[in-house]
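Below is one structure; the comments refer to it alone.
Just so it is clear, the model here is predicted, and its values are computed rather than measured. Just the heavy atoms: all of them, side chains too, but no hydrogens, waters or symmetry mates, feed the values below.
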Amino acid sequence: MGSETHTHHDDHEHDHHDGADHGSFKSYMIGFILSVLLTAVPFWLVMGDVLDNKTFTVLLIMGLGVIQIFVHMIYFLHMNTKSEGGWTFMALIFTVVVVMITLIGSLWVMYNMNKNMMPTMTIEQMRNLP
């Protein structure tokens, strides 16, 4: 009974050495500033009509959105290869796959809806309808 010399404080310290980064004020501020920039830049691109090429604008905004997902995962969710025995890294890979499926699927659906549902008749042809 008397051979145990560690205290409750030692057990508590041992529980938190799992490789997880619990963040600091500096890391949260970096994440916050990056998130604000990655939100403000796409807003400025759209509202200011900055770029002439709409396709490039859409791709740029989507790219910035993907970067913002990673900023949130790294700075706010503290995902890295050391945390929880690598399971958060597996969650990162899963998130990348789901994001890619969502982005590519959304673009595919919107393109096909625009192509197949937009009227192809001219105004003159519409006037001649019975």
Side-chain angles (χ1 to χ4, degrees):
M1 270 210 258
S3 64
E4 286 189 40
T5 58
H6 67 277
T7 63
H8 176 69
H9 178 68
D10 292 335
D11 289 339
H12 185 69
E13 281 294 316
H14 182 66
D15 290 342
H16 287 289
H17 290 295
D18 59 354
D21 180 22
H22 296 289
S24 65
F25 181 75
K26 181 181 176 183
S27 71
Y28 281 118
M29 286 308 295
I30 291 170
F32 176 72
I33 291 168
L34 287 173
S35 295
V36 168
L37 287 173
L38 290 168
T39 301
V41 169
F43 184 79
W44 170 70
L45 288 172
V46 172
M47 296 306 292
D49 200 23
V50 177
L51 302 174
D52 292 332
N53 188 342
K54 300 299 180 196
T55 304
F56 181 71
T57 303
V58 168
L59 292 174
L60 183 60
I61 290 171
M62 289 179 66
L64 291 172
V66 170
I67 293 170
Q68 188 168 35
I69 289 171
F70 287 113
V71 166
H72 284 252
M73 289 173 62
I74 292 167
Y75 288 100
F76 299 124
L77 298 177
H78 311 295
M79 289 184 158
N80 59 33
T81 56
K82 298 175 194 166
S83 298
E84 298 179 24
W87 281 106
T88 56
F89 186 69
M90 293 301 290
L92 172 72
I93 293 171
F94 176 73
T95 302
V96 168
V97 170
V98 169
V99 166
M100 293 307 294
I101 289 170
T102 303
L103 290 175
I104 292 168
S106 296
L107 287 175
W108 180 54
V109 167
M110 288 187 287
Y111 172 78
N112 282 315
M113 286 182 67
N114 185 47
K115 184 176 179 184
N116 294 325
M117 297 188 76
M118 291 301 292
T120 56
M121 285 195 252
T122 64
I123 294 174
E124 286 298 319
Q125 290 172 331
M126 287 185 199
R127 287 186 188 152
N128 294 333
L129 288 176

Per-pair distances, 0.1 Å, donor-acceptor, side chain in residues 35-43, under 3.5 Å, sequence neighbours excluded:
| unit_1 | atom_1 | unit_2 | atom_2 | d |
| --- | --- | --- | --- | --- |
| S35 | OG | G31 | O | 2.8 |
| S35 | OG | H72 | NE2 | 3.3 |
| T39 | OG1 | S35 | O | 2.9 |
| T39 | OG1 | Q68 | NE2 | 3.0 |

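Y28 and F76 have parallel rings, their planes meeting at less than 30° on a 0 to 90° scale where 60° marks the start of perpendicular.
Residues passing the side-chain contact (heavy atoms from CB on, under 4.5 Å) test with N53, sequence neighbours excluded: T55, F56. Taking the side-chain contact (heavy atoms from CB on, under 4.5 Å) definition, one finds that V97 meets it with I101, sequence neighbours left out. For the side-chain contact (heavy atoms from CB on, under 4.5 Å) test, residues two or more places apart in sequence or in another chain that qualify with V46 are I61. Scored by the salt bridge (Lys or Arg N to Asp or Glu O under 4.0 Å) test, D49 finds K54 as partners (sequence neighbours excluded).
Both M117 and V109 are members of a single hydrophobic cluster when ILVMFWY side chains are connected at heavy-atom separations under 4.5 Å.
Of the options L103, T57, I67, a side chain to side chain contact (heavy atoms under 4.5 Å, CB included) to M62 is made by L103 and by none of the others.
Through ILVMFWY side-chain contacts below 4.5 Å, L59 is grouped with nothing and stands alone.
With a 4.5 Å cut-off on side-chain heavy atoms, Y111 and L107 do not count as touching. Residues F70 and T95 form no side-chain contact, since every pair of their non-hydrogen atoms from C-beta on lies 4.5 Å or further apart.
Between the N112 side chain and the W108 main chain, a donor and an acceptor come within less than 3.5 Å of each other.
Rounding to the nearest 0.5 Å places CE of M29 at 12.5 Å from OH of Y75.
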